[in-house]
Amino acid sequence: MAIRHFLRIWDFSKDEVENLIERALSFKRERTWEVRLKGKILALIFEKASTRTRVSFESAMIKLGGETLFLSRQDLQLSRGEPIKDTARVLSRYVDAVVLRTYLQETIEEFARYSNIPVINGLSNRFHPCQVLSDIMTVIEKGKDLYKSKIVWIGDGNNVAQSWIEASALLGFPLVLCCPKGFEPEVSLLKEAKERFQAKIELIHSPEEALRSAEVINTDVWISMGQEEETQRRRDTFKGYTLTQELLNKAHPEAIVLHCLPAHRGEEITEDVLEGKNSVVWDQAENKMWFHMAILDFLIKGS
């Protein structure tokens, strides 16, 4: 069977994505599964710090009977200039899959090009595909109709927002993006989503307008890792985009609030909203593990 990678959502078909989400929901609902990855090893290569992505992948692999190796860049010869392609070819002979969390999408793509084992994007500057599919799992789990609910992204048009664009385009659900001017997602990605998939994606700059009657609200930090030098400029630009209770009141009364964490309380979201009755962020964080079980089983076992 040909090696499959998961570098972005568009690497999979609509049916494959829907089946993965249903499999993840089944794992969580039934709490029973076959130990199908016994004897398999997952390597996690992380250039960026992580709590949820790291622990959820490790837990997912262990639950399926496999083992994990966590490798920071400093643990590898990558830190001393070894080419990515050499690391990829060597690790392909030692382990059964790799999760790569790095700065550049190009790094993940090059690693996959030279790898003979599945490579999974654990986050890059362009995409965070596993995060968004586990978020969609949460939307479905909470009883929201993915295709009829008003789904809103508020904040930076970052890697998570761009994976929401890919999910919206591939699965066919509408999406509203609310970003400050100058911080929208990639123009070329939006263009491709609309031309290739006829995606129903709307870009709005007013948070009040965007959140009116919203049923699913998603936000994220304003300053991602590697953007620390832009901190003050971003804080100034994003004023008015904080998800407050006042802003949330414009949404549907039963709207759910998503945040992939870590949260900077008082910046992109207030304490009362994060801890409030509309927040589902803790279930959302848990669901990363269940979705990672599904994706690992699919890519390593091929079913």
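Residue numbers count from 1 along this sequence. This structure is a prediction, so every number in the text was calculated from the model and none was measured.
A donor atom on one side chain and an acceptor atom on the other are found under 3.5 Å apart for Asn121 and Gln105. Looking only at atom types and distance, the side chain of Thr270 has a donor-acceptor partner in the side chain of Asp272 under 3.5 Å away. In this model, no donor atom of one side chain and acceptor atom of the other lie less than 3.5 Å apart for Thr138 and Gln284.
In this structure a side-chain-to-backbone donor-acceptor pair under 3.5 Å is missing from Asp297 to Met293. The backbone N or O of Ala49 sits less than 3.5 Å from a side-chain atom of Arg101, completing a donor-acceptor pair. Remark: side-chain polar atoms of His205 are paired, donor with acceptor, to backbone N or O of Cys179 under 3.5 angstrom. With hydrogens and angles disregarded, a donor-acceptor distance shorter than 3.5 Å links the side chain of Lys150 to the backbone of Arg212. Counting only distance, with no hydrogens or angles, the side chain of Ser26 and the backbone of Glu22 share no donor-acceptor pair below 3.5 Å. Between the side chain of Lys200 and the backbone N or O of Gly172, at least one donor-acceptor pair lies under 3.5 Å. Listed for the Ser163 side chain is a donor-acceptor partner under 3.5 Å among the backbone atoms of His128. For the pair His5 (side chain) and Ala112 (backbone), a donor-acceptor distance under 3.5 Å is present. Remark: the backbone N or O of Arg126 is paired with a side-chain donor or acceptor of Ser124 at under 3.5 angstrom. Formation of a donor-acceptor pair under 3.5 Å by the Ser168 side chain with backbone atoms of Phe173 is found in this model.
Within 6.0 Å of CD in Glu106 there are more than 12 heavy atoms belonging to other residues, nucleotides or ligands. Atom OH of Tyr147 has more than 12 neighbouring heavy atoms from other residues, nucleotides or ligands inside a 6.0 Å radius. Remark: Lys250 NZ is loosely packed, at most 12 non-hydrogen atoms of other residues, nucleotides or ligands lying under 6.0 Å away. The local environment of CD in Glu30 is crowded, with over 12 non-hydrogen atoms from other residues, nucleotides or ligands closer than 6.0 Å. Within a 6.0 Å radius of CD in Glu254, other residues, nucleotides and ligands contribute 12 heavy atoms or fewer.
Linking Ile, Leu, Val, Met, Phe, Trp and Tyr residues whenever their side-chain heavy atoms come within less than 4.5 Å places Ile140 and Phe27 in a single cluster. Linking ILVMFWY residues whenever their side-chain heavy atoms come closer than 4.5 Å, directly or via other members, places Val216 and Leu146 in the same cluster. Under the 4.5 Å side-chain contact rule for hydrophobic residues, Ile217 and Trp282 share a cluster. Val55 and Leu71 are not part of a single hydrophobic cluster, where members link through side-chain heavy atoms under 4.5 Å apart. Leu7 and Tyr114 end up in different hydrophobic clusters when Ile, Leu, Val, Met, Phe, Trp and Tyr side chains are linked at under 4.5 Å.
Shown here for Asp96 and Pro118, the closest heavy-atom pair between the two residues is O-CD, 3.3 Å. Residues Pro207 and Gly240 approach most closely at CG-O, 3.4 Å, considering heavy atoms. Scanning all heavy atoms of the two residues, the minimum distance from Thr219 to Ile154 falls at OG1-O, 2.9 Å. Considering every non-hydrogen atom in both Cys260 and Asp220, the closest pair reads SG-OD1, 3.4 Å. In this structure, Thr242 and Leu247 approach most closely via the heavy-atom pair O-CD2, 3.5 Å. Pairing each heavy atom of Phe70 with each of Asp75, the nearest pair is O-OD2, 4.2 Å.
The closest side-chain heavy-atom distance from Leu243 to Leu211 is below 4.5 Å. Looking at Thr53 and Lys288, their side chains come closer than 4.5 Å, going by heavy atoms from C-beta outward. Contact annotation: the side chain of Leu177 approaches that of Pro185 to within less than 4.5 Å [non-hydrogen atoms, C-beta and beyond]. For the pair Phe57/Leu296, a side-chain contact is recorded, criterion being any heavy-atom separation below 4.5 Å from C-beta on. Between Ser115 and Val98, every side-chain heavy-atom pair lies at or beyond the 4.5 Å cut-off. Looking at Ile300 and Met61, their side chains come closer than 4.5 Å, going by heavy atoms from C-beta outward. Side chains of Tyr103 and Asn125 form no contact here, defined as non-hydrogen atoms less than 4.5 Å apart. Counting heavy atoms from C-beta outward, Ile45 and Leu91 have side chains that approach closer than 4.5 Å.
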Practice problem: Would you sort out whether Arg31 and Trp290 count as a side-chain contact (heavy atoms from CB on, under 4.5 Å), showing the intermediate values? | Solution: CA-CA 10 Å; Arg31 304 284 169 146; Trp290 301 112; 3.4 Å; yes
Practice problem: Apply side-chain contact (heavy atoms from CB on, under 4.5 Å) to the pair Ser72 and Phe46, showing each step before the final yes or no. | Solution: CA-CA 5 Å; Ser72 70; Phe46 281 34; 5.8 Å; no
Practice problem: Under the side-chain contact (heavy atoms from CB on, under 4.5 Å) rule, what do Leu42 and Leu37 come out as? Steps first, then yes or no, please. | Solution: CA-CA 10 Å; Leu42 174 68; Leu37 299 186; over 6 Å; no
Quiz item: What do the steps show when you test Leu64 against Lys40 for side-chain contact (heavy atoms from CB on, under 4.5 Å), and what is the final call?
Solution: CA-CA 9 Å; Leu64 290 169; Lys40 302 294 184 180; over 6 Å; no
Exercise. Test Glu166 against Arg196 for salt bridge (charged side-chain N to carboxylate O under 4.0 Å, His left out), laying out the working first.
Key: CA-CA 11 Å; Glu166 290 207 338; Arg196 181 176 167 190; over 6 Å; no
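For the atom pair CD1 (Ile108) and CZ (Phe6), the distance works out to 11.5 Å, reported to the nearest 0.5 Å. Note: Trp164 CH2 to Leu258 CG = 6.0 Å, rounded to the nearest 0.5 Å. Put simply, NZ on Lys63 and CD on Glu58 are 13.5 Å apart, with the number rounded to the nearest 0.5 Å. Rounding to the nearest 0.5 Å gives a distance of 12.5 Å between CG of Leu76 and CG of Asp86. Put simply, CG on Leu20 and OG on Ser134 are 12.0 Å apart, with the number rounded to the nearest 0.5 Å. The OG1 atom of Thr107 sits 9.0 Å away from the CD atom of Glu109 when rounded to the nearest 0.5 Å.
Ring geometry, Trp10 versus Phe197: the interplanar angle falls from 30° to 60°, so the pair is classed tilted.
The pair Lys85-Glu110 does not meet the salt-bridge criterion, since no charged nitrogen lies less than 4.0 angstrom from a carboxylate oxygen. Glu215 and Lys148 are not joined by a salt bridge, as no carboxylate oxygen comes within less than 4.0 angstrom of a charged side-chain nitrogen. A salt bridge links Arg4 to Glu16: one of the charged nitrogens lies within less than 4.0 Å of a carboxylate oxygen. With respect to the salt-bridge test (charged N to carboxylate O, under 4.0 angstrom), the residues Glu275 and Arg265 qualify.
Each of Val90, Leu44, Ile117, Thr68 was checked for a side-chain contact (heavy atoms from CB on, under 4.5 Å) with Val95, and the lone residue meeting it is Ile117. Each of Val280, Leu274, Asn278, Asn218 was compared with Val257 under the side-chain contact (heavy atoms from CB on, under 4.5 Å) criterion, and only Asn278 meets it.
Between Phe238 and Phe183, the ring centre distance stays below 6.0 Å.
Within the cation-pi definition used here (under 6.0 Å to the ring centroid, within 45° of the axis), Arg23 does not qualify as a partner of Phe298.
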